[in-house]
Peer 1: 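Got a structure here, written out as structure tokens. Questions coming.
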Amino acid sequence: MFTEIDTASLDEPVADGPLAKTWHAKERVRGRPVNEANGSCNTKTEWVEHVTRIRDAQDQAAFAELFQYFAPRIKAFLMKSGSDAAMSEECAQEVMATLWHKAHLFDPSRATVATWVFTIARNKRIDVLRKQRRPEPEDLGWGPEAEPEQLDVISLQQETAQLRNALSALPQAQRELIEKAYFGDLSHREIASQTGLPLGTIKSRIRLALDRLRHAMN
Amino acid sequence: MSNKIKHHLTDDLLMAYAAGGLPEAFDLMVATHLSLCDHCRARAESFEAVGGCVLQDQDDSVSLSDGSLAATMALIANGAPIAKPARPGCSVLPAPLQDYVGGDVNAIQWRAIGMGVKQAILPTTREATARLLFIPAGAAVPDHSHNGMELTMVLQGAFSDEVDHFARGDVEIADEDLHHTPTADISEDCICLAVTDAPLKFNKLMPRLFQPFLRI
């Protein structure tokens, strides 16, 4: 797996593991420009376009592709968090249904689709496995005037791809600890030593996106 | 809006919040601080990006049962778009706190705990305790130390202790090593959110006797 990640270029964000390989041929939507605004096919924002198609056109084909990629990963994630296979699959279906119903709330200048799916799956885990409420921060302004700039979207997606490469290049022991933290196997006190992640650029990028939203509100 | 905040949350708390590993009371503290602090919100969202990478790059695969997509399409057909919750704009209590209080400061059910200090315990899971504290202008909370970790965030007014001065949005992080006597600024009554994963230890006899009653 490590060698596959090391050799994957940023232009192929989905070609990253045995699971993805199986469906690789289906993940490119041939003959349809992904970024219709400028007519180019920018695969860095491929999943973003899928969510936009669900939001604007209730596009079931786009949803099916997202489902094939993400639903097995959500199921695996929940199983590693201590849920059995049947419950994990049921929750994965609910997470994907939530993605459909929240497509209009996704902001690709602040998160990749994978990040967004992760947060929905995480909240499902807190709700179902830990049976507690999940307080979320106050919403920032939202509306047509806050539609993100395409350049901001591409930058954020690129920086997340770089973060992903950096994570895969970490020493295995550190990587495993980070995975444990996200699968819920470490308490907050055990997480203390897990910082030092390469977050500098993406943090600045998200901060810019937040500033833009604040500005749009005022 | 967050330019004036000097005391922020730590990376390990933000990462634990992003990973979903905190007790509910700590989640409430983090969500409340992020509502006021774009600096920490950006840090928290970048830790969520790490979660997205971990989700994508799991090195084992599971398969879905037949008909899983069809079952999901049925869920979608039976549901409806999820709107953002209509939350009031930020006044004294940021929106996540208002969800627990049932309104803004006027809705807080205070209980006096002596010397003009009042508290209101918020309904969270029992692994950790979240409470609002009211300290009259100029008053002090008795000298105390902590068994575990205690986070205190100012919502109104300000307080000072042996460490520094803390104003709206600032978080003081106290552990076993800190003995302090927070004193509210004279200009305004101080309201704080305090979260702890263990009971406080007061350093004078009387307050300690009261601890079992007060749950502080």
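Order of the sequence lines fixes the chain letters, A, B, ..., with proteins taken first and strands second; residue numbering starts at 1 for each chain. All heavy atoms count here, side chains included; hydrogens, waters and symmetry mates do not. Here the structure is a predicted model, which means the values were calculated and not measured.
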Peer 1: Which atom pair, heavy atoms only, marks the closest approach of Asp59(A) to Ala62(A)?
Peer 2: OD1-N, 3.0 Å
Peer 1: Looking at Leu210(A), Leu208(A), Ile202(A), which has the largest count of heavy-atom pairs under 4.5 Å with chain B?
Peer 2: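 Winner by heavy-atom pair count: Leu210(A).
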Peer 1: Drop me the distance from Leu69(B)'s CG to Phe67(A)'s CZ, to the nearest 0.5 angstrom.
Peer 2: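 Taking CG in Leu69(B) and CZ in Phe67(A), the distance rounds to 5.0 Å.
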Peer 1: Between Asp185(B) and Ser187(B), is there a side-chain donor-acceptor contact under 3.5 Å, judged purely by atom types and distance?
Peer 2: no
Peer 1: Calculate, to the nearest 0.5 Å, the distance between atoms CH2 and OG1 belonging to Trp100(A) and Thr72(B) respectively.
Peer 2: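 The OG1 atom of Thr72(B) is 11.5 Å from CH2 of Trp100(A), to the nearest 0.5 Å.
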Peer 1: Under 4.5 Å heavy-atom distance to chain B, tell me which part of Ala111(A) shows up: side chain, backbone, both or neither.
Peer 2: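 Looking at Ala111(A), nothing touches chain B.
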Peer 1: Of the non-hydrogen atoms in Val171(B) and Phe166(B), which two are nearest, and what is the gap between them?
Peer 2: O-CE2, 3.9 Å
Peer 1: In terms of heavy-atom pairs under 4.5 Å, which option from Ala71(B), Gly52(B), Ala16(B) contacts chain A the most?
Peer 2: Gly52(B)
Peer 1: Please state whether the side chain, the backbone, both or neither of Thr10(B) comes within less than 4.5 Å of a heavy atom of chain A.
Peer 2: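 Nothing of Thr10(B), per the 4.5 Å heavy-atom cut-off to chain A.
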Peer 1: When you measure from the centre of the six-membered ring of Tyr17(B), is the NZ or CZ of Arg134(A) closer than 6.0 Å and no more than 45° off the axis?
Peer 2: yes
Peer 1: Quick one: does any side-chain atom of Ser35(B) pair with a main-chain N or O of Glu138(A) as donor and acceptor, under 3.5 Å?
Peer 2: yes
Peer 1: Sort Ala44(B) into side chain, backbone, both or neither according to what part of it lies under 4.5 angstrom from a heavy atom of chain A.
Peer 2: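 Neither part.
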Peer 1: Do the side chain of His50(A) and the main chain of Phe63(A) share a donor and acceptor less than 3.5 angstrom apart?
Peer 2: no
Peer 1: Hey, are Asp152(A) and Arg205(A) close enough for a salt bridge, meaning a charged N less than 4.0 Å from a carboxylate O?
Peer 2: yes
Peer 1: Of all of Ala76(A), Ala209(A), Ala71(A), which one pairs up most often with chain B through heavy atoms under 4.5 Å apart?
Peer 2: Ala76(A)
Peer 1: When you measure from the side chain of Asp104(B) to the backbone of Leu93(B), do you find a donor-acceptor pair of N or O atoms at a distance under 3.5 Å?
Peer 2: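 Yes.
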Peer 1: Who in residues 122-133 of chain A is close to chain B, using a strict under-4.5 Å heavy-atom cut-off?
Peer 2: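 Arg122(A), Arg125(A), Ile126(A), Arg130(A), Gln132(A), Arg133(A) fall under the 4.5 Å cut-off.
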Peer 1: Keeping Asp27(B) on the side-chain end and Pro135(A) on the backbone end, is there a donor-acceptor pair under 3.5 Å?
Peer 2: no
Peer 1: Is chain B contacted by the side chain of Glu94(A), its backbone, both, or neither, given a heavy-atom distance below 4.5 Å?
Peer 2: both
Peer 1: Once you round to the nearest 0.5 Å, how far does CD1 of Ile120(A) lie from SG of Cys91(A)?
Peer 2: 13.0 Å
Peer 1: Contact part of Thr112(A) toward chain B, heavy-atom cut-off under 4.5 Å: side chain, backbone, both or neither?
Peer 2: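 Neither the backbone nor the side chain of Thr112(A) comes within 4.5 Å of chain B.
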Peer 1: Determine whether a donor-acceptor pair (N or O, by modelled atom type, separation under 3.5 Å) exists between the side chain of Gln119(B) and the backbone of Arg111(B).
Peer 2: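 Not at all, since once roles are kept as given, no pair shorter than 3.5 Å links the two residues.
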Peer 1: Using heavy-atom distances under 4.5 Å, tell me whether Val50(B) contacts chain A through its side chain, its backbone, both, or neither.
Peer 2: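 Val50(B) touches chain A through backbone and side-chain heavy atoms alike.
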Peer 1: Select all residues of residues 77-90 of chain A having any heavy atom within less than 4.5 Å of some heavy atom of chain B, and report them by number, or 'none'.
Peer 2: Phe77(A), Met79(A), Lys80(A), Glu89(A)
Peer 1: Would you check if the side chain of Arg168(B) reaches a backbone N or O of Val92(B) as a donor-acceptor pair within less than 3.5 Å?
Peer 2: yes
Peer 1: Under a 4.5 Å heavy-atom cut-off, does chain A meet the side chain of Ser63(B), its backbone, both or neither?
Peer 2: backbone
Peer 1: Picking from Gly79(B), Cys53(B), Ala18(B), Gly51(B), which has the most non-hydrogen pairs under 4.5 angstrom with chain A?
Peer 2: Gly51(B)
Peer 1: Taking NZ, NE, NH1 and NH2 as the nitrogens, is one of them in Glu176(A) or Lys180(A) under 4.0 Å from a carboxylate oxygen of the other?
Peer 2: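 Between Lys180(A) and Glu176(A) there is no salt bridge, as every charged N stays at least 4.0 Å from the carboxylate O atoms.
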Peer 1: Heavy-atom distances under 4.5 Å only: say whether Met73(B) touches chain A with side chain, backbone, both or neither.
Peer 2: side chain
Peer 1: Could you tell me which of Lys75(A), Glu179(A), Met96(A) has the largest number of non-hydrogen atom pairs under 4.5 Å with chain B?
Peer 2: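 Winner by heavy-atom pair count: Lys75(A).
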Peer 1: Let's test your reading of the structure: which of Leu14(B), Val54(B), Leu13(B) forms the most heavy-atom pairs below 4.5 Å with chain A?
Peer 2: Val54(B)
Peer 1: Determine whether a donor-acceptor pair (N or O, by modelled atom type, separation under 3.5 Å) exists between the side chain of Glu150(B) and the backbone of Ala194(B).
Peer 2: no
